[in-house]
S.K.: 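Sharing a structure here in structure tokens format.
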2 protein chains.
Amino acid sequence: MNESTELLSVRVAELYYEESKTQDEIGALLGVTRWKVGRLLAYARDEGIVRIEIVHPRARRLAVERELRERFGLQDAVVVPVPIVASELGGRVSQAAADFLAAMRPVPRVLGVSWGRTLSDVAEHLAMGWAVGVKVVQINGGVSLNRRPGTAANTAVMIAHKASGQAMLLPSPAILERIETKLAIESDRTVASVLGLAAEASAYLYSAGVADRSSVLVDSGYLTSADVDELVRKGAVGDVVGRYIDANGNIVDPGLNERTVGLGLDELRTAQTSIFVVAGEHKHDVARAVVTSGLCTVIVTDEATAQSLLEEIS
Amino acid sequence: MNESTELLSVRVAELYYEESKTQDEIGALLGVTRWKVGRLLAYARDEGIVRIEIVHPRARRLAVERELRERFGLQDAVVVPVPIVASELGGRVSQAAADFLAAMRPVPRVLGVSWGRTLSDVAEHLAMGWAVGVKVVQINGGVSLNRRPGTAANTAVMIAHKASGQAMLLPSPAILERIETKLAIESDRTVASVLGLAAEASAYLYSAGVADRSSVLVDSGYLTSADVDELVRKGAVGDVVGRYIDANGNIVDPGLNERTVGLGLDELRTAQTSIFVVAGEHKHDVARAVVTSGLCTVIVTDEATAQSLLEEIS
DNA sequence: CCAGAGTATGCTCATATGAGCAGACGGCGC
DNA sequence: GCGCCGTCTGCTCATATGAGCATACTCTGG
């Protein structure tokens, strides 16, 4: 298009969007037909001369969501714009996850949840009465060894509480030192019943950790920095419900995996609905591993992460 | 309105503006009537949840222009948005002035112009052939004393050249030392004829200078820094076609005024069309004086200056 | 200079949209 | 409890708008 078309479309856009005149009026004013005005308007939108933006903390990027759904065959995707203040990002995504949970139909009878910073944040953002009578089951161990005691348990309890439901905690460490202990604790009636319920959950909600020394699993003493270094050397990009995966979503260390208490990755993969909440640049790699390996059916994330997932040539 | 209305309107706005669904479809999707969707959309626009912006260097702020016209009884007003890069402001306003000139109907037969940084910039931005056969008259003196010789003359010449017209320069200093010399030069045939033509111009185009030591009149040697200080002490805010005015648009120093060659302010005030081009924060005060004292019938400026003019309680 | 392709223009017509209005609803004072 | 007032809702109807199409225009290669 030439210069004068552009200038004219700017005039037209101003009169249409700022002065809310009709295309007909604008046509009369500028001496062109109303159809031309319509086309100039379309041109202005296409060229980005007119920018329409939805500014709201709860806004979503539907176009990106659609792309994610299509590209990865997801049930659903929720993508929030990146806020100007970077520190708000986690909150925005958690809020979106909470909104998604509250809007789920049918309401899950049994909801399996993991724990961690992100999950606890989601729990915080859920509104009181977001659902009624949901049974919340913890899907991986971790009670009490955490530095801030109770955080792990708190997540499940809060989510259940806000839905006037019942929380079922997994009374077990996340990772045990010996496989025998793990098998023994798994066969304990209380643990077994929780794991049984977890396997039957109608939906799962979890996040992922990055494979580095700052991991909450290191922080909690389940792993040493050296352990993590070794896992990274073997290709680990992060952990999902306490299990370390590589870029293809495969278990990095089968021995370690055997000693980890909780839902297995296969159960997550075959689940009807598993909601993956992830935010922030440092989690792009894990996010890619989770999404491409089919670990989730729903993703809740920020636009930058979504773009990074879509960027792949694949 | 309550929280849920707001959230709903965000959803609606997304579906309407980003997904370009019809209000009907959105209604079906969210389980509300299409009329409610329309109202939510109106709400979203009112509340600023939806922001429609026209991003283009030649964009204008029509709402502000209308306010200016109404408040000050102007024939017309042109207001351009403030660019992100501050240094581009002058260029944008000059471009707008050039566009305005080119769009003037009827095309002025005789155009009176002053000179200076701004005017020369306007001349630069005029397109070749912006009009045909316009006679351009210089309305205030200043030839050759300027440090960059020819600048003053150049403006008129370039404007005329680009309209395949003729330039009439005022062969006189801007300010003379003695009133007798001024009267003498004014009665010179060449000067008198130019002034005569200037008085008959069908439109005037001029800017204004700030009353401070950096003034081009000081720079050119017509005034000393001390002179300007004295003028400021007497209330001068700036100069228009070489004549210093106070905040009310009155001549500050009648003696000095008598020694200034060129069109008088009264002639400017009674002119059919006089276009005032002004940009930048340091000129807000002069701009106010010019506009409130009826020196111009058309103003071309930036949004910040326009806002400053409108801010007044008046 | 002409033929042909590609593009721009102005139309018809079906559809989307906003203004204005009557009835429903909900809170409040008596 | 009852009527009143202000607000919200869903409607009708006139109008604004976009899709699709036939025609006019323009540029290119022969």
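Every chain is numbered from 1, with letters handed out A, B, ... down the list of sequences. Bear in mind that the values here come from a model prediction, so they are computed numbers and not experimental data.
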S.K.: Between A:R11 and A:Y16, is there a side-chain donor-acceptor contact under 3.5 Å, judged purely by atom types and distance?
M.R.: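 No pair is found: no donor N or O on one side chain lies under 3.5 Å from an acceptor on the other.
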
S.K.: Assuming nearest nucleotide by heavy-atom distance, tell me which of A:G38 and B:V32 is located more 5' along DNA chain D.
M.R.: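 Comparing both residues, the 5'-ward one is B:V32.
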
S.K.: For A:E19, give me all partners under salt bridge (Lys or Arg N to Asp or Glu O under 4.0 Å), at least two apart in sequence or on another chain.
M.R.: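 B:R66.
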
S.K.: Going by atom types only, do A:H284 and A:T305 share a side-chain donor-acceptor pair under 3.5 Å?
M.R.: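 Result is yes, a qualifying pair exists.
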
S.K.: Counting heavy atoms from C-beta on, name the nucleotide in D:dG18, C:dT17, C:dT9 closest to the side chain of A:R34.
M.R.: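 Closest nucleotide among those given: D:dG18.
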
S.K.: Would you indicate, yes or no, if C:dT17 has its OP1 or OP2 atom less than 4.0 angstrom from a side-chain nitrogen or oxygen of B:Y16?
M.R.: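 So the side chain of B:Y16 is within the cut-off, an N or O lying under 4.0 Å from OP1 or OP2 of C:dT17.
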
S.K.: Nearest whole Å is fine: how far is C:dC11 C1' from A:K36 NZ?
M.R.: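 A:K36 atom NZ is separated from C:dC11 atom C1' by 16 Å.
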
S.K.: Check whether any side-chain N or O of A:T33 sits under 4.0 Å from OP1 or OP2 of C:dT9, and answer yes or no.
M.R.: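 Negative; the distance criterion is not met.
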
S.K.: Hey, can you pull the residues of residues 20-28 of chain B with a non-hydrogen atom under 4.0 angstrom from DNA chain D?
M.R.: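 Nothing qualifies; none.
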
S.K.: I'd like to know if A:E88 pairs up with A:R92 as an ion pair, taking the criterion as any Lys NZ or Arg NE/NH1/NH2 lying under 4.0 Å from an Asp or Glu carboxylate oxygen.
M.R.: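 Here A:E88 pairs with A:R92 in a salt bridge, since their nearest N and O are under 4.0 Å apart.
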
S.K.: B:L68 versus B:V291: any side-chain heavy-atom pair under 4.5 Å?
M.R.: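 No, side chains not in contact.
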
S.K.: Quick one: A:L41 CG to D:dA16 P, roughly how many Å, whole number?
M.R.: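 Nearest whole value for this atom pair: 15 Å.
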
S.K.: Keeping to residues at least two apart or across chains, list the salt bridge (charged side-chain N to carboxylate O under 4.0 Å, His left out) pairs with something in residues 300-309 of chain A.
M.R.: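 Found A:R61-A:E303.
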
S.K.: Report, as yes or no, whether the 6.0 Å neighbourhood of atom NZ on B:K135 holds more than 12 heavy atoms from other residues, nucleotides or ligands.
M.R.: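 No, NZ of B:K135 has 12 or fewer neighbouring heavy atoms, counting only those of other groups under 6.0 Å.
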
S.K.: Between the opening five pairs and the closing five pairs of the helix from C:dC1-D:dG30 to C:dC30-D:dG1, how far apart are the helix axes, to 10°?
M.R.: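 It comes to 30° between the two terminal axes.
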
S.K.: What string of B, S and - do you get for nucleotides 20-25 of chain C 5' to 3' if you count protein non-hydrogen atoms under 4.0 Å?
M.R.: B-----

S.K.: Under a 4.5 Å cut-off applied to non-hydrogen side-chain atoms, are A:R69 and A:E67 in contact?
M.R.: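 Not touching, per the 4.5 Å side-chain cut-off.
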
S.K.: Is any side-chain heavy atom of B:C296 closer than 4.5 Å to one of B:I275?
M.R.: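 Not touching, per the 4.5 Å side-chain cut-off.
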
S.K.: Tell me the interatomic distance from B:Y43, atom OH, to D:dC8, atom P, rounded to whole angstroms.
M.R.: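 For the pair B:Y43 OH and D:dC8 P, the rounded distance is 11 Å.
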
S.K.: Going through the distances and angles, do A:R60 and A:E65 end up as a salt bridge (charged side-chain N to carboxylate O under 4.0 Å, His left out)?
M.R.: CA-CA 8 Å; A:R60 287 165 53 179; A:E65 294 178 359; 2.9 Å; yes

S.K.: Tell me the side-chain hydrogen bond (donor to acceptor under 3.5 Å, both in side chains) pairs involving residues 47-57 of chain A, sequence neighbours left out?
M.R.: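 Found A:H56-B:E6.
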
